[in-house]
Amino acid sequence: MLEGAWSERKPAMDMTGEEFRKYGYQVVDWIANYLDHVGELPVLSQLAPGSIKDMQPNHAPQHGESMEQVLADIDRVILPGVTHWNHPAFFAYFAISGSAPGILGEMFAAALNVNAMMWRTSPAATELEEVTVSWLRNLIGLPDEFGGVIYDTASISTLVAIAGAREAVPGLRVREEGLAAPQSAAKVAKAASDSAAPLTAPPRLRLYCSEQTHSSIDKAAITLGLGLAGVRKVPTDSEFRMEPAALQQAINEDRADGWLPFCVVATVGTTSTTSIDPIPAIADISERENLWLHVDAAYGGSAAVVPEMRWVLQGAERADSLVLNPHKWMFVPVDLSVLFCRRMDVLGRAFSLVPEYLSAPGADQVMNFMDYGPQLGRRFRAIKLWFVLRHYGAEGLAKRIRNHIHLAREFAGWVDTSEAFERMAPTPLSTVCFRARPRDLGEESSVYQKSPDQCEAYLDKLNETLMANVNQEGKCFLSHTKLNGKFALRLAIGNIRTARKHVEMVWDVLQTEADRLDGTIRPAHLSRH
Ligand code: PLP
């Protein structure tokens, strides 16, 4: 027999308002204090793997614990295991921000806890998503024909865009038949007797992107059943931008070989170097070849908010879809990615599926975001974007992003004039690729001329160790990439709290440590004679 209903017992099912207020104020105080002092913490967590797990029991507690105990463990258990993405000297990957207005917006999303799957499950969530997506579209200068939808990440936005691209291929019917569906005997017979439709097996689809494209494109291809073979990587020029002539050649070769080209992905702000593909030339080819053009502007698209940087999206108005992540460089806490699409009807065709239990009166009069992607349940993400856009305004966002670009250019200038470092790529946005390279190991030097491979191997080791040591010290955090086979450091500026003093600090730390290391680990045969 069931015991008495909860409601008849004490305490209440959830905290009382009084209790919530008490702990809520403590949490807000904690967050405010954290944001004020995060710069004093080591950026990269110093914990060994397993440390957090070791501090936790194997089972959830049998009896509830007090909120005092739980909150105390934020400092004791959680904080040491946090790599502080909110740290002003976080320069790894693409630096991001949990800005104060964004955090406040998140609180409302959690408190309201609505599911934005369709309009009537929360009109405010749906309509605010339409509003914020349209504001953002205006801010970056995309035309009104683009609709939009908010997802968690660019990886998912791109997956949805490529599914749309596939749906747009006439006659393919992947939604109905599947990619690997064997043709029915009747269909095969019909195809055999009908020379206008001789298709007996689905053609192999091919997508084009540059060799610098983010791995999310490959992952989308894996997920959508295109396979990695369905992605053709187009070579880039000396500045890591897709070569349009090579794209055209790849398409021609593939058509001759029986592939079915269907999509091109161009990037504005590639992950390694932030290079910007020549979208106008790529759009010319996509239009001529009737291919869906998706622009990955996950990071770089934010720069278009700065009026004098609008050019980064030049040509993107001709794309079919474009992804921009406000959670990367627009001060919105993770996660929030916007997929813009000028062919929302095609996304609807690819994904809309309304079972009886989700049908609603008047559903065709309103936006139901569940119709434009694989997921049903959706967080109220738009509210934090709304907070950020309203609190900073177009001018405030532009000012902050412009400042990051300026700081990156300053840092690039220091590298360029240094005798111990060199730049590894142009710096069009707010990320600098560079490496330590002692002057006497320059390409013109006799040591380098004599043993270039050994010099390069040493430079890789020097930079890898430099990065490891600097990150271990905890004052700042950088990540790396490989460019033309060479180990390159990346300094990505994107945190809202990053100021010039943090960039100066990392430059000092790098110079001192590079000098010390070069004096310590350089092999004798590469030393100056
Ligand atoms: N596209 C680019 C250019 C990126 O740099 C990244 C991540 O850094 C992504 C896509 C994937 O972003 P997300 O983590 O939102 O999936």
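Counting starts at 1 for both ligands and their atoms, in listed order. Everything numeric in this text was worked out from a predicted model, so none of it was measured.
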>> Checking Asn325 now: which residues fulfil side chain to side chain donor-acceptor pair (under 3.5 Å) with it, not counting sequence neighbours?
In response: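 For Asn325 the side chain to side chain donor-acceptor pair (under 3.5 Å) partners, ignoring immediate neighbours, are His327, Ser337.
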> Do we get Arg255 above Trp259's six-membered ring, with its NZ or CZ under 6.0 Å from the centre and within 45° of the axis?
Replying inline: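 Checked: cation-pi criterion not met.
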> What ring pair (Phe, Tyr, Trp, His ring centres under 6.0 Å) pairs are there with at least one residue in residues 292-311, not counting sequence neighbours?
Replying inline: Phe94-Tyr299, Tyr299-Trp329
Kindly print each ligand 1 N/O atom paired with any protein N/O atom under 3.5 angstrom away, one pair per line, or none if nothing qualifies.
residue, atom, partner, partner atom, Å
ligand 1, 1 (N), Asp296, OD1, 3.2
ligand 1, 1 (N), Asp296, OD2, 2.6
ligand 1, 5 (O), Thr271, OG1, 2.8
ligand 1, 8 (O), Lys328, NZ, 3.3
ligand 1, 12 (O), Lys328, NZ, 3.2
ligand 1, 15 (O), Ala154, N, 2.8
ligand 1, 15 (O), Asn325, ND2, 2.8
ligand 1, 15 (O), His327, NE2, 3.4
ligand 1, 16 (O), Ala154, N, 3.4
ligand 1, 16 (O), Ser155, N, 2.9
ligand 1, 16 (O), Ser155, OG, 2.5

>> Applying side chain to side chain contact (heavy atoms under 4.5 Å, CB included) to Asp277 and Ile282, what does each step give before you reach the verdict?
In response: CA-CA 8 Å; Asp277 286 337; Ile282 295 171; 3.8 Å; yes
> Is the side chain of Arg378 donor-acceptor paired with the backbone N or O of Ile150 at a distance under 3.5 Å, no angle test?
Replying inline: yes
> With sequence neighbours left out, which residue pairs that include part of residues 329-340 fulfil the salt bridge (Lys or Arg N to Asp or Glu O under 4.0 Å) condition?
Replying inline: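 Qualifying pairs: Asp335-Arg379, Asp335-Arg381.
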